[in-house]
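Model, not experiment: these values are computed from the prediction. Chain naming here is simple, since letters A, B, ... match the order of the sequence lines and numbering starts at 1 in each.
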Number of protein chains: 2
Amino acid sequence: MTVTLADVAARAGVSAATVSRVLNGNYPVATATRSRVLRAVEELEYVVNGPASSLAAASSDLVGVLVNDIADPFFGIIAGAVQDTIGPVTSVPAQGRKLAVICNTGGSPERELTYLTLLQRQRAAAVVLTGSGTDDPGHRAALAARLRRLAAGGVRVVLCGRPLPAEEHGGADGADPAAGTAPEVDGPRPRPVEVPLDNEGGARALTEHLLALGHRRIGHLAGPDHRSTTRHRLAGHRAAMTAAGLPPTPDHLLIHGTFHRDSGYAGALRLLDADPGLTAIAAANDTAALGVCAALRDRGLRVPQDVSVTGFDDLPFAADVAPGLTTVRLPLRETGQAAGRVALGAEVPEDGVVPPEPARVVARDSTAPPRG
Amino acid sequence: MTVTLADVAARAGVSAATVSRVLNGNYPVATATRSRVLRAVEELEYVVNGPASSLAAASSDLVGVLVNDIADPFFGIIAGAVQDTIGPVTSVPAQGRKLAVICNTGGSPERELTYLTLLQRQRAAAVVLTGSGTDDPGHRAALAARLRRLAAGGVRVVLCGRPLPAEEHGGADGADPAAGTAPEVDGPRPRPVEVPLDNEGGARALTEHLLALGHRRIGHLAGPDHRSTTRHRLAGHRAAMTAAGLPPTPDHLLIHGTFHRDSGYAGALRLLDADPGLTAIAAANDTAALGVCAALRDRGLRVPQDVSVTGFDDLPFAADVAPGLTTVRLPLRETGQAAGRVALGAEVPEDGVVPPEPARVVARDSTAPPRG
DNA sequence: TTGAAAGCGTTACCAA
DNA sequence: TTGGTAACGCTTTCAA
């Protein structure tokens, strides 16, 4: 039923090996032969059998991209950039024609592990993990173990916007007691590469911006607890406060939520209840910040006249859509493209870390002085 | 180096066949044997070789999902819903564990075809095409041919939010003269299934809403020309105008653009220049509508006091973020889930068309009467 | 309930 | 420059 290499070979009057060589273009073939083969391919509408080819070549052209929330443009932009870089229409010569598999983990460490297993099973060429990872020691250890196995299987691992989970100390396979008999790796494998996002610097710049405007009572709507991104952004915020000689944000002005709009809405209401006199709110990301704006509107407050709102640049147009919203512009496209190039093996730094692009504050309509 | 079935079999003291049966769970195996095998799998950290298994079984567990713009939450929501339905954590029993491959076409018919070839090459179990398709006859024919080949290869095809491109009339393979010698299909294959979005009904409801508010000078910012979605939404708009006994929207109030924010911004300015007295603008989608809101703000106009703005529900929170924006709520999640179930083969209607969920108008702050 | 063995369609090595 | 031919790792009859 299906057309195979042999069919093409027969029609072109050559051997299967020759057809393979023509198709892969990695071996010299006489011009006449080549065109004969190509014509046969056309006529028979032949399409390579990927699984067979992957089996024989011991590698596939699949690249996994894990995202926390596919409905969030933040990840959409990164995933799109990765895909553009490695995909059918790539700018990296002789590397393209790979297929990006975008996997939506929903922020769940379990699903993350499940997807990684699935990708390992597909013998993916590379795996790109984007967005924040969990800080939970158990999950980190499990993730580290899985990444180790992926690397051992020749899968290139790229961490985009999150740090590499540390391996367990002590003997090999410390994280998995049952793995004592697992086979050893047959040589040095490429280590995971980090393509960081400057979460800490961005949060610091964001807070410095608010402080420069004269704000002192700043509510902080942080992301989910136990996430690397949350931790880094919080650290940046604190660094700015400290550098300005100010006390750290008090507990009642620091609320943990999610990266979603609802969380921003609810969090803003709680912050206002906790301190009706606050003049600024820093949100976990733009999506949450938009929720903050809505909450302020519903409370009869204006943005930024009454309260300045800031967030991370998850939605490129957020600052424009919600007047008064100040965001940190993270270089999402650039980061995604860098991750894509690393996944292709085209850009692997010595120390395993691609230098991050600096985050920039996009101030807009936020020059109003704080209230009384 | 890598652990294979044989390794597991040896360790468990059984044959490879038995291990395969245990792993696939589609064959009776003694409980004792099963647990012995599973333990060996654990101990060796065995992960199935997907390509090998796909080759032997002549089918893979990959499902392709094509989207026009991965950075647009509209597609993110649909893609996420498809993935949730078919993916590792699925609610459809005994069907899950499939891997969704989300492909970003950027709205380009060429990239669409390229991705379809790539997916055919991977022997994908199913392919889901989402969002508007091109109306260009050449591309439609090429797409129809490719879909036919996919179906012939046993790939289930799902069209989500767009109509099935018609086959060429006349003899078989009419669209591809060079294919005269292509092999015949070896039996009846499942035809593509349509999971529609009610674009026409939504546009009609949107326009009716504006008309009911008393608007008569309505600017229409349509989507890209030659796209099915654009055509359907335009048809709904016109139907509402006609049903109300009104003349069709004049040419100078009908502008084609893209589905992006910038297009909405620029288009709104053009519309205002063409008719400074218009009282409402219907945009191609929410993203463009947000751009319209920004343009109105920059022109010193208020929404909806001076101009009512409407759009399709690409961003769930758009109406909430931009006060005065009225949207049509398309059942994106439901549609995506239906598409996922169809892709799994769990829901295939007789006539090949899943009934669409109705679109609903989400009115908000748009009760202001028109100016003048 | 289990095992042996024949493919599945490519790739890549070795000759020619 | 080309052809023959082992792998590649799994699934799936067919027997036992």
Heavy-atom donor-acceptor pair, [X] side chain to [Y] backbone, under 3.5 Å:
| X | Y | answer |
| --- | --- | --- |
| A/S54 | A/G50 | yes |
| B/Q83 | A/N104 | yes |
| B/S53 | B/N49 | no |

Nearest heavy-atom neighbours spanning B/C103 and B/L119:
SG-CD1, 4.4 Å
Any side-chain heavy atom of A/F75 within less than 4.5 Å of one from A/T130?
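Yes, at least one pair of side-chain atoms sits under 4.5 Å.
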Expressed as a whole number of angstroms, how long is the span from [X]:[atom1] to [N]:[atom2]?
| X | N | atom1 | atom2 | answer |
| --- | --- | --- | --- | --- |
| B/N26 | C/dT1 | CG | P | 14 Å |
| B/R21 | C/dT1 | CZ | C1' | 8 Å |
| B/R121 | C/dG9 | CZ | P | 16 Å |

Contacts table for residues 58-67 of chain A: side-chain donor-acceptor under 3.5 angstrom, sequence neighbours left out:
from, atom 1, to, atom 2, distance (Å)
A/S60, OG, A/L62, N, 3.2
A/S60, OG, A/Q122, O, 3.4
A/S60, OG, A/R123, O, 3.1
A/D61, OD1, B/Q122, NE2, 2.8
A/D61, OD2, B/R121, NH2, 3.2

Just to verify, what does [X] make a side chain to side chain contact (heavy atoms under 4.5 Å, CB included) with, not counting sequence neighbours?
| X | answer |
| --- | --- |
| B/S108 | B/E110, B/R111 |
| A/R21 | A/A17, A/T18, A/Y27, A/V29 |
| B/N26 | B/N24 |

Do the side-chain N or O atoms of A/S20 get closer than 4.0 angstrom to the phosphate oxygens (OP1, OP2) of C/dT11?
yes
Does B/S15 place a side-chain N or O at less than 4.0 Å from the phosphate oxygens OP1/OP2 of C/dT2?
no
Contacts to DNA chain C from residues 55-64 of chain B, heavy-atom cutoff under 4.0 Å, which residues?
B/L55, B/A56
In residues 47-54 of chain A, which ones come under 4.0 Å of DNA chain C, going by heavy atoms?
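DNA chain C contact set from residues 47-54 of chain A: A/N49, A/A52, A/S53.
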Contact boundaries of DNA chain D with chain A (under 4.0 Å, heavy atoms), 5' to 3'?
D/dT1 to D/dG9
Could you list the residues that satisfy side chain to side chain donor-acceptor pair (under 3.5 Å) with B/E347, not counting sequence neighbours?
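Checked B/E347 against side chain to side chain donor-acceptor pair (under 3.5 Å); matches are B/R341.
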Does B/N68 have any side chain to side chain donor-acceptor pair (under 3.5 Å) partners at least two apart in sequence or in another chain, and if so, which?
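Testing B/N68 for side chain to side chain donor-acceptor pair (under 3.5 Å), a comparison that skips the adjacent residues, returns B/T105.
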Would you give the length of the straight line joining atom OG1 of B/T2 to atom CZ of A/R149, rounded to the nearest 0.5 angstrom?
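Here the rounded value is 13.5 Å.
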Calculate, to the nearest 0.5 Å, the distance between atoms CG and CG belonging to A/L159 and A/L129 respectively.
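Spacing of CG (A/L159) from CG (A/L129) equals 5.5 Å.
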Listed once per pair and sorted, the salt bridge (charged side-chain N to carboxylate O under 4.0 Å, His left out) pairs that draw on residues 48-58 of chain B, sequence neighbours left out:
none
Does B/E45 pair with B/R11 as a salt bridge, N-O distance under 4.0 Å?
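Here B/E45 does not pair with B/R11 in a salt bridge, since their nearest N and O are not under 4.0 Å apart.
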Axial bend angle, the helix from C/dT1-D/dA16 to C/dA16-D/dT1: five-pair end segments, nearest 10°
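The helix from C/dT1-D/dA16 to C/dA16-D/dT1 shows an end-to-end axis angle of 30°.
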Of residues 31-40 of chain A, the positions that come close to DNA chain D - non-hydrogen atoms, cut-off under 4.0 Å
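Those residues are A/T33.
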